[in-house]
Amino acid sequence: QVRLVESGGGLVQAGGSLRLSCAASGSIFTINVMNWYRQAPGKERELVAAATSGGTTNYADSVKGRFTISRDNAKNTVYLQMNSLKPEDTAVYYCNADRILARTGTYVGVWGQGTLVTVSS
């Protein structure tokens with residue numbers, strides 16, 4: 001079995017910063033793409049940022065220049081550094097791995113439990 005566990009959410013004032021972490025556990029060999037999604041109240045889940053195992057990154061237009069995704073492949077961990085936060089960034093943030101190759105098998109579409117980020121104005 002593999003798991004993704006997020007941490008680092010909380011309450012922050014507009015203009016502030018937060019750093020989210022997502023650690024994958026299990027007997028993992030490789031993780032292909034690790035993503036951060038978010039879902040605000042009453043809205044659909046949206047892709048915020050993605051990072052491949054080779055270091056390629058992509059961002060939603062709404063967070064470009066403010067958020068930075070990074071990975072530590074040795075630790076099977078992905079981070080999301082969020083700066084210049086806005087009230088509209090308030091959402092539950094979810095970590096996702098598109099494919100995990102582990103000793104126990106291949107896992108597709110693995111999700112964490114989510115961490116709440118609240119940005120006050």
Quiz item: Where do I69 and Y59 land on the side chain to side chain contact (heavy atoms under 4.5 Å, CB included) test, with the steps shown first?
Solution: CA-CA 8 Å; I69 188 171; Y59 298 91; 3.4 Å; yes
Quiz item: Transitively linked via ILVMFWY side-chain contacts under 4.5 Å: L4 with V33?
Solution: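 The answer is no; the residues belong to distinct hydrophobic clusters.
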Exercise. Please name all residues satisfying side-chain contact (heavy atoms from CB on, under 4.5 Å) with V92, sequence neighbours left out, ordered by chain then number.
Key: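 Partners of V92 by the side-chain contact (heavy atoms from CB on, under 4.5 Å) criterion, ordered by chain and then number, come out as Y94, L116.
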From [X] atom [atom1] to [Y] atom [atom2], the distance as rounded to the nearest 0.5 Å:
X: D72; Y: T77; atom1: CG; atom2: OG1; value: 6.0 Å
X: R71; Y: T52; atom1: CZ; atom2: OG1; value: 7.0 Å
X: S70; Y: Q81; atom1: OG; atom2: CD; value: 8.5 Å
X: S120; Y: L11; atom1: OG; atom2: CG; value: 5.0 Å
X: T115; Y: L18; atom1: OG1; atom2: CG; value: 9.0 Å
X: R3; Y: I100; atom1: CZ; atom2: CD1; value: 12.0 Å

Exercise. Go through the steps to decide whether Y79 and C22 satisfy the test side chain to side chain contact (heavy atoms under 4.5 Å, CB included), and finish with yes or no.
Key: CA-CA 6 Å; Y79 306 95; C22 171; over 6 Å; no
Distance-minimising heavy-atom pair for [X] and [Y]:
X: N35; Y: A50; answer: OD1-CB, 3.0 Å
X: A14; Y: P87; answer: CB-CD, 4.1 Å
X: T57; Y: A51; answer: CG2-CB, 4.1 Å

Quiz item: Side-chain donor-acceptor pair under 3.5 Å between Y107 and T104, yes or no?
Solution: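 T104 and Y107 do have a side-chain donor-acceptor pair below 3.5 Å.
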Quiz item: Does the pair D89 and R66 meet the rule for a side chain to side chain contact (heavy atoms under 4.5 Å, CB included), with working shown?
Solution: CA-CA 11 Å; D89 294 317; R66 300 189 297 122; 2.7 Å; yes
Quiz item: Checking side-chain contact (heavy atoms from CB on, under 4.5 Å) against Y93, which of R38, E6, Q39 comes through?
Solution: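 The passing option is R38.
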Practice problem: Step by step, work out the salt bridge (charged side-chain N to carboxylate O under 4.0 Å, His left out) result for K64 and D61. | Solution: CA-CA 5 Å; K64 281 181 181 177; D61 287 343; 3.1 Å; yes
Quiz item: Under 3.5 Å, side chain of N96 to main-chain N/O of G109, donor-acceptor pair present?
Solution: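 Flag not set: sc N96 to bb G109 has no pair under 3.5 Å.
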Quiz item: Which other residues end up in the same hydrophobic cluster as V5, if Ile, Leu, Val, Met, Phe, Trp and Tyr are linked when side-chain heavy atoms come under 4.5 Å apart?
Solution: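 Listed partners: none, V5 stands alone.
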Non-hydrogen side-chain atoms of [X] and [Y] separated by less than 4.5 Å:
X: V110; Y: V2; value: yes
X: R99; Y: T106; value: yes
X: N83; Y: L85; value: no

Quiz item: Residues two or more places apart in sequence or in another chain: which of them pass salt bridge (charged side-chain N to carboxylate O under 4.0 Å, His left out) with R19?
Solution: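 None.
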Quiz prompt | Step-by-step side chain to side chain contact (heavy atoms under 4.5 Å, CB included) determination, I31 to N76 | solution = CA-CA 8 Å; I31 303 175; N76 293 318; 4.0 Å; yes
Quiz item: Taking the six-membered ring for Trp, are Y37 and W111 ring centroids under 6.0 Å apart?
Solution: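 Ring centres of W111 and Y37 closer than 6.0 Å.
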